[in-house]
Every structure is written in structure tokens, then in C-alpha cells.
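Single-structure report; data block below.
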Amino acid sequence: MSTNGRTLRLVVSREKQDSVIRGLYLVTDGGERLAERVEAAIDGGARVVQYRNKEGNAETRLAIGQEIRELCARRGVPFIVNDDLELAKTLQADGLHLGQEDGDPREARRILGPGRLIGVSTHNLREALEAQAAGVDYLGFGAMYPTSSKEVEHLPGPETLAAIREQIALPIVAIGGISRDNGGTVIDAGADALAVISAVLAAPDPALAAAELSLLFNRRAAPPRGSVLTVAGSDSGGGAGIQADLKTITLLGSYGASVLTALTAQNTRGVSGIHGVPPGFVAEQLDAVLSDIPIDTVKTGMLFSAEIGAAVADKLAEYRRRITVVDPVMVAKGGAPLVDRSAVGVLKEQLLPLTYLLTPNIPEAERLTGMTIADEEGMQEAARRLHRLGARNVLVKGGHLLSGDSVDIFFDGAAFHRYATPRILSKNTHGTGCTYASAIATFLAQGEPLREAIGHAKQFITAAIRLGHPLGRGHGPVNHIMAAQETT
Ligand SMILES: Cc1ncc(COP(=O)(O)OP(=O)(O)O)c(N)n1
Ligand SMILES: Cc1ncsc1CCOP(=O)(O)O
Ligand SMILES: [Mg+2]
């Protein structure tokens, strides 16, 4: 691999655990602005790029290949050429991927030399064992699911992958119809890498799509699994705010870091005093954490002022944080305001466009949209409007509607999803919103896709309310520890 005139030798390890073939393995498509979209995918977490170009004449294929090759060298990402051995040699590729009909991998190894990655497409155990015996470095295996990106003859699926896994020592790269919603299943079946074309390169935001798919690999991490940064206020009573967030993150099995935005003198009966943290110091805390600690997801709670909200938005943008759950905290359980009017404006204009999931309750959704929400239809309309304001995904929580089940409405810009659990009437609900949003951020950090993470968090918060702690003379806190024991 050469970059800026220096030659960096890609160390090719035959050991699966040392292989560079892991995580999100991007395969190129034939669309416009390819280099721009590939670079966005690398920004989002793609770890390998395979240049696959079945159209165009030799000159065009070479020119595009050179552009992608240079990008990969600049970004230190292994560059693999699909099918074409001569093109791989010309582009000094880090590797070559061969289909069953694309030539002998032993011959390719002889011509390319020992320091290059050789992969072969396989569709069943026989082909996988043959490729392994031929001394390749990794296997493609698929298709996992139906795909519009290629006419597939074989559809072994994740079940067959799981069945062959124990007999294959090589890294396995699963391919075919993989998306953020099914990628976890493929990883659980044994894939070391997910090869993806359209779910990333056809996405409106390839960087975000790559980040969502890359996060799924945390399913395999050792405890504490995944890391979450909470940016919120302190609740001296311990039931809400940063205290609830860190209890939730830790009890659910992830690593929690925290940035304080305000101090509240608070107990189960209400808030008697608030001191905002200087915005510059909020920014300094964010720099301290994000410059050193690998954070998978961010959760924001009480932001208190417009200046603090702006400081948080600036840092989330500077550090390109893409998976951020924003709980738009406005009022404490006892009714005390936790933000000023100008802060709501900053939340709408500066933070929503950086929000992966917004989790307003009914009063917060009404404040942000100017609507009055009396039923599920109103919740759906509020979710649409908040998505139009920039939030990628919206979860309007229905706890404040006093009839029927406790229903939350999810909207991702295309489809709605309804999460319903029996309503539990209790006064011990202090910290519900903080805990719910932190649980979602935690399950995302642990590699659960978004709709699964929300459903898991809904079960957790329902148990936490049901087991609520009758502490103090006001609203007791939800029960983090018993809920965690019940739902993990
Ligand atoms: C990792 C990986 N696996 C499979 C393929 C499919 O290769 P392709 O050349 O598109 O089709 P076949 O030649 O294998 O039939 C791939 N590109 N990458
Ligand atoms: C190249 C290839 N080989 C098997 S399926 C496939 C297409 C994968 O594209 P997508 O990720 O868009 O389903
Ligand atoms: Mg091929």
C-alpha cells in the first residue's frame, strides 16, 4: 500500500483474529460520485473497500479504480479488486476477490505474491472448504438475503453460515441484502465482516449508514460492551439526570462517561435550585472525553441554556458524532422548568439536525411543534414534523396520555412503528425519560439495531416503573437495578 510516496506494507496475517478483514466491508457500486460516497462510508466506519466494477470499458474501470485506490491509501483502508487480476496488479491493490468462475486463487497468489489478500466467493460448505484448502485469506459467503444489486443463484442465508462456521477457520465475509436491521442476525450467525453495497452507497447519508452497520459488531465485544457518553444535568436526589443515566448504562452492561451541563438541588418533591455549568466548561468536558475515550453513542438530557445547547451541538458536529439520542428535557417531574425559552430554539435549529433519535414526551413534543397532542394520530403528526425539523428518527412517548396502554410512536421518515405496553399507574416514575433514552443509547452501543434497541428499552423502562422505588415524600425513582436484573 503506498501513500504520499511512502510505501506502507499491509501486514497480511493468516490468523483470523489478526486479520484486517473484519467489520464493515464496503463493495462499490456503479453510481455517480463514487469516491465521495466511499469516503463518507470510510468516515462512518467502513474498514475494507472492494472495487467491484462490472460495467464500463477497461479505460473507465482503470480510471475509477485509481481514484478509489488513492482514496484508500490516503485513509489507510485495505483496497481489494473484484475479479480482475490484471487490474489488481496495475492498481497495486492490497488484495483480489475471486468468484468461483474467476480464476484459480493459487495462481492469483503466485502472481500477486504472499503479502496480498486473496478472497473467494463461496455459497456452501464444499466451496468454503476448497477455498480454505487453497490457502486464501478470507471467504465471501452469500447471498444472505435477496438483493437487487445482483442476480444471485445461491441464497444459503445466515442459517447455512451458522452451520458451516465451526468448520471454517478463515474470516467469513457475509454478503447479499444486508442492512442495519438484519446485519446483527448475520453477525450472530458467525460473520466476521459484512459486505454491503446498497445499504450504504445508496443511502441518503452513507456515513450514517456505515456507522449503524459498524456499531452492530459490538454484539461481540467483551463487557463492558459498548460505551455511552451522557451529556446531562445532575439530580442530587439520584433519580434522574446524569445519575439515572450512569446507573442505566452500567447496570445494562456498558461503559458510561459523563459531561455535566447543570447542577440541580433536587429531591423526590422537586427542584429547589439550579446552577448551569459555564458553556465553555461543558465544551472542555466534551473535548476531554471525545478526544480520548472511544464513545459509541451519545445521549443528551438537560441542556439548561441556549449557550450550553449550542456548545454541545458544536462539539457533536466537530467530533462527527452520528449516533446521538436526544432526550429534549424541559420540565422536571415536579413541574420545575429545566430549560429557558432560547434553549428550545437552539435545540430545534442546531441539535435536531444532529440527532439520530429524538425522544420527546407529549409536553416536550407539543413545545417543539406548537401542536396540541391528544391521541396517537397527534403523536404521529408530531413525529412527522420533528423529522422534518431534522431528527433522523423520532420516538414520541405517550406516557402522558392517561388512557389505555402506554404507547410510544416511532417514525424514521418512512414508516411508523408502535410500541405498546400495559400502562402502570405509579407515582414512583422519577427519571423515566432519562432512563428510557439512556437504555436506548446503551442497547445501540451494544450493537442492537434501532427498532430492536427501542423495544428492548421499552421493556426495561416498563419493568423499572413497575418496580419503582417508594423513596422520599414525592415521586420515587424508577428501579434501575431490579429492571436490569429482569431484562438483561
Ligand atoms: C466479499 C464478497 N463476496 C462475494 C462477492 C461476489 O463477487 P462477484 O464478483 O460480484 O460475484 P461472483 O463472481 O462471486 O459470482 C463479492 N464481490 N465480495
Ligand atoms: C456482489 C454480491 N454477491 C452476492 S450478493 C451481492 C450483492 C450485494 O449487494 P447489496 O449489499 O446491495 O445487497
Ligand atoms: Mg466475481
Side-chain angles (χ1 to χ4, degrees), residues 16 19-31 34 37-38 41 44 46-56 61 65 68 77-88 93-105 108 116-124 127-128 130-132 134 136-158 160-161 164 168 170-183 185-187 190-204 206 209-210 212-214 216:
K16 176 170 171 291
S19 173
V20 295
I21 302 295
R22 62 175 183 270
L24 179 58
Y25 176 121
L26 184 75
V27 179
T28 62
D29 66 8
L34 180 61
R37 292 180 291 130
V38 170
R47 301 179 71 127
V48 182
V49 172
Q50 181 195 114
Y51 176 52
R52 177 178 181 268
N53 186 342
K54 306 251 184 194
E55 296 108 30
R61 294 174 67 238
I68 305 301
V77 171
F79 172 77
I80 293 175
V81 167
N82 174 275
D83 287 0
D84 188 330
L85 175 57
E86 285 311 309
L87 185 60
D94 299 305
L96 174 71
H97 186 87
L98 297 170
Q100 287 289 315
E101 314 302 325
D102 297 327
D104 180 353
R116 306 291 165 176
L117 292 161
I118 306 281
V120 166
S121 297
T122 61
H123 312 92
N124 53 52
E127 292 176 356
E130 281 174 2
Q132 184 164 262
V136 302
D137 298 290
Y138 72 89
L139 304 182
F141 193 80
M144 292 294 105
Y145 304 100
T147 172
S148 55
S149 300
K150 179 187 173 180
E151 289 293 321
V152 292
E153 295 160 29
H154 310 275
L155 201 60
T160 309
L161 169 57
I164 74 163
I168 301 298
L170 292 173
I172 297 179
V173 182
I175 190 167
I178 294 174
S179 69
R180 78 174 187 186
D181 292 323
N182 62 35
T185 301
V186 179
I187 293 167
D192 300 286
L194 300 179
V196 175
I197 302 180
S198 54
V200 173
L201 291 176
E212 291 177 302
L213 283 158
S214 301
L216 297 176

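Side-chain atoms are counted along with the backbone in the values below, which use heavy atoms only and exclude waters and symmetry mates. Atoms within each ligand, like the ligands themselves, are counted from 1 in listed order.
Closest to atom 4 (C) of ligand 1 by heavy atom, among G176, S121, G99, G119, is S121. Summarising the contacts of atom 7 (C) of ligand 2 with P146, S149, A143, the nearest heavy atom is found in S149.
Residue contact check: D83 has heavy atoms under 4.0 Å from atoms 9 (O), 13 (O) of ligand 1. Heavy-atom contacts of K54 reach the following atoms of ligand 1: 8 (P), 9 (O), 10 (O) (cutoff under 4.0 Å). Listed by number with element, the atoms of ligand 2 under 4.0 angstrom from any heavy atom of V196 are 11 (O). Listed by number with element, the atoms of ligand 1 under 4.0 Å from a non-hydrogen atom of R52 are 8 (P), 10 (O), 17 (N). Close approach of ligand 1 to V173 is summarised as follows: ligand atoms under 4.0 Å from at least one heavy atom of the residue are 1 (C). Atoms of ligand 2 lying under 4.0 Å from any heavy atom of R52, numbered from 1 in the order shown and given with element: 1 (C). Residue-ligand proximity, I175 to ligand 1, at heavy-atom distances under 4.0 Å covers atoms 2 (C), 3 (N), 4 (C), 5 (C), 16 (C), 18 (N).
Using modelled atom types, one side-chain atom of R37 and one backbone atom of L201 make a donor-acceptor pair closer than 3.5 Å. Panel note: side chain D94, backbone F79; a donor-acceptor pair is recorded below 3.5 Å. Between the side chain of S121 and the main chain of Q100, no donor-acceptor pair closer than 3.5 Å is present. Within the 3.5 Å criterion, the main-chain N or O of R61 finds a donor-acceptor partner in the side chain of Y51. Side chain of R180 to main chain of A209: no donor-acceptor pair is present (N/O by atom type, distance under 3.5 Å, no hydrogens or angles).
The shortest contact between atom 5 (S) of ligand 2 and any protein heavy atom is with G176 CA, 3.6 Å. The nearest protein atom to atom 11 (O) of ligand 2, hydrogens excluded, is given as I197 N, 2.8 Å; this is a heavy-atom distance. Among all protein heavy atoms, the one lying closest to atom 4 (C) of ligand 2 is I175 CG2, 3.7 Å.
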Query raised in the report: side-chain contact (heavy atoms from CB on, under 4.5 Å) between K54 and N82: does it pass, once the steps are laid out?
Result: CA-CA 9 Å; K54 306 251 184 194; N82 174 275; 3.5 Å; yes
Report task. Take I197 and R52, measure what side-chain contact (heavy atoms from CB on, under 4.5 Å) needs, and give me the verdict at the end. Result -> CA-CA 10 Å; I197 302 180; R52 177 178 181 268; 4.0 Å; yes
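Proximity of I80 to Y25: side-chain heavy atoms (C-beta onward) are separated by under 4.5 Å at one or more points. Using a 4.5 Å cut-off on side-chain heavy atoms (C-beta onward), N182 and M144 make no contact. Taking the side chain as every heavy atom from C-beta outward, I21 and D137 never approach each other to under 4.5 Å. Inter-residue side-chain proximity for I187 and L194 is flagged as met; some heavy-atom pair is nearer than 4.5 Å. The shortest distance between side-chain heavy atoms of I164 and F141 falls below 4.5 Å. You'll find the side chain of V48 stays beyond 4.5 Å of the side chain of V173, heavy atoms only.
Contact analysis leaves M144 out of contact with ligand 2, as no non-hydrogen atom separation drops below 4.0 angstrom. The closest approach between a heavy atom of G142 and any atom of ligand 2 is not below 4.0 Å.
At least one N or O atom of D102, backbone or side chain, sits closer than 3.5 Å to an N or O atom of ligand 1. Residue A199 has no nitrogen or oxygen atom sitting less than 3.5 Å from a nitrogen or oxygen atom of ligand 2, judged on distance alone. Among the atoms of N82, some N or O lies under 3.5 angstrom from an N or O of ligand 1. Taking distance alone, with nitrogen or oxygen atoms compared against 3.5 Å, S198 approaches ligand 2 more closely than that limit.
Residue V152 touches ligand 2 through its side chain alone, judged by heavy-atom distances below 4.0 Å. When heavy-atom distances to ligand 1 are checked against a 4.0 Å cut-off, K150 comes that close only through its side chain, counted from C-beta outward. Neither the backbone nor the side chain of L98 comes within 4.0 Å of ligand 1, counting heavy atoms alone.
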